[in-house]
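Working notes for the structure below.
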Amino acid sequence: MRIRIVDAFTDRPFAGNPAGVLLLDAFPDDDRLQKVALEVNHAETAFAHRLPEGGDADWALRWFTPATEVAMCGHATLATAHVLHTTGAHEGRVRFATRSGVLVASPGEDGSITLDFPTAPLTPVEPPAGVAEALGAEPRTVLDTGPDLGDLLVEVADEKTVRGLTPDHKALAAHSERGIIATARAEDPVRGYDYVSRCFFPNVGIDEDPVTGSAHTALAPYWSERLGSQDLTGLQASPRSGRVRTQLRGERTLLSGRAVTVIEGELLA
């Protein structure tokens, strides 16, 4: 098996969010996939195999963290599309059959890739007792992001607060199915982004995810309403950092970014 490590939502190595990508002839058993993902030990490892022609999708795609399989992952989908295009395994638009339905990735002339994902339904909720203490900041607004994501979206006071968060990850795990998306309006949009975020997912074995495509299916509708624009750019202010261009299109959200392959090798086990 060829295995590649791809940095997604960045145009340079050692930034963005790294994902393992394996193109297979078929999926082995789940235990095998989980062991490989644990060995890779990045936020997600993507496994894909080609599907017969004439169907609704071109490739089957699954994502695993080191701890579990997940229903949706943006950066590993971007990484997989990047591998398909750069290796010649697939040309043009690619349709992935996933646990979240058919997801489409389209290459752009500028080298970016745009993902077509379902927009997360947002429901305002009361801040759960203890979430402010666990996050280390007082929430301004808290929203449930629906079953596909399983997160709480929490707006805090400002960009400085987002950047300075040092949450209690164990305590955060009690407040949502996957984790917490902390966000705030950009301090200075002239810097090229409209809002900032950080994502903490202790329930799937990821204390902090470097750049989370799926979270932007909730961030896009949230900030589009507040900022009065359907087309925005989000900065995920993790130590590795990365940018996601978001375009809100009703029930679908378009997520655009670049990717860079940094390691390619052979899985021997």
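Position 1 is the first residue of the sequence; numbering continues from there. None of the values given here were measured: they were computed from a predicted structure.
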What do the steps show when you test D116 against R252 for side chain to side chain contact (heavy atoms under 4.5 Å, CB included), and what is the final call?
CA-CA 7 Å; D116 184 337; R252 308 296 295 184; 2.7 Å; yes
Using side chain to side chain contact (heavy atoms under 4.5 Å, CB included), reason through F201 and T212 one step at a time and then give a plain yes or no.
CA-CA 10 Å; F201 303 139; T212 314; 3.7 Å; yes
What's the verdict on salt bridge (Lys or Arg N to Asp or Glu O under 4.0 Å) for D231 and R249, showing C-alpha distance, side-chain angles and the deciding distance?
CA-CA 9 Å; D231 299 353; R249 299 295 183 262; 3.2 Å; yes
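A donor and an acceptor atom, one from each side chain of W63 and T77, are located under 3.5 Å apart. Side chains of T246 and W223: a donor-acceptor N/O pair is absent below 3.5 angstrom, by distance only. Side chains of H216 and T253: a donor-acceptor N/O pair is absent below 3.5 angstrom, by distance only.
Remark: side-chain polar atoms of D7 are not paired, donor with acceptor, to backbone N or O of V260 under 3.5 angstrom. Using modelled atom types, no side-chain atom of R4 and backbone atom of V83 make a donor-acceptor pair closer than 3.5 Å. Checked by atom type and distance alone, the side chain of R245 never pairs as donor or acceptor with a backbone atom of L254 at under 3.5 Å. Checked by atom type and distance alone, the side chain of T10 never pairs as donor or acceptor with a backbone atom of G242 at under 3.5 Å. Distance alone, capped at 3.5 Å, is enough to place a donor-acceptor pair between the T119 side chain and the G250 backbone. Of the possible donor and acceptor atoms, one in the side chain of S238 sits under 3.5 Å from a partner among the backbone N and O of P210.
Ring geometry for H85 against H90 counts as tilted: the plane angle lies between 30° and 60°, on a 0 to 90° scale.
At least one side-chain heavy atom of W59 sits less than 4.5 Å from a side-chain heavy atom of L23. At least one side-chain heavy atom of V6 sits less than 4.5 Å from a side-chain heavy atom of T261. Two residues are said to be in side-chain contact when any heavy atoms from C-beta on lie closer than 4.5 Å; N17 and F9 fail this criterion. Between E266 and R2 the shortest side-chain heavy-atom distance falls below 4.5 Å. In this structure, F117 and L255 have side chains that are in contact, with non-hydrogen atoms separated by less than 4.5 Å. Between L122 and T145, some side-chain heavy-atom pair lies under the 4.5 Å cut-off. Between R99 and D148, the closest side-chain pair of non-hydrogen atoms is not below 4.5 Å. By the 4.5 Å heavy-atom criterion applied to side chains, P139 and V131 are counted as neighbours.
The distance from the CZ atom of F96 to the CG atom of D56 is 15.0 Å, given to the nearest 0.5 Å. Rounded to the nearest 0.5 Å, atoms CD (E177) and CG (N203) are 8.0 Å apart.
Both L172 and V162 are assigned to one and the same hydrophobic cluster, defined by single-linkage of ILVMFWY side chains at heavy-atom distances under 4.5 Å. Note: the hydrophobic cluster containing I181 also contains L227 (ILVMFWY, side chain heavy atoms under 4.5 Å, direct or indirect links). When hydrophobic clusters are built by joining Ile, Leu, Val, Met, Phe, Trp and Tyr residues whose side-chain heavy atoms come closer than 4.5 Å, directly or via intermediates, L143 is not grouped with V154.
Heavy atoms only, all atoms of each residue included: T65 and E44 are closest at CG2-OE2, 3.4 Å. The two residues L115 and G74 come nearest to each other via the heavy atoms CD1-O, 3.3 Å. Nearest heavy-atom pair across V142 and P128 is CG1-CD, 4.4 Å.
Y222 carries R226 over the face of its six-membered ring, with the cationic atom under 6.0 Å from the centre and within 45° of the normal.
Atom CG of D25 sits in a sparse spot, with 12 or fewer heavy atoms from other residues, nucleotides or ligands closer than 6.0 Å. Around CD of E264, the count of heavy atoms belonging to other residues, nucleotides or ligands within 6.0 Å exceeds 12. Within a 6.0 Å radius of CZ in R240, other residues, nucleotides and ligands contribute more than 12 heavy atoms. Remark: R93 CZ is loosely packed, at most 12 non-hydrogen atoms of other residues, nucleotides or ligands lying under 6.0 Å away.
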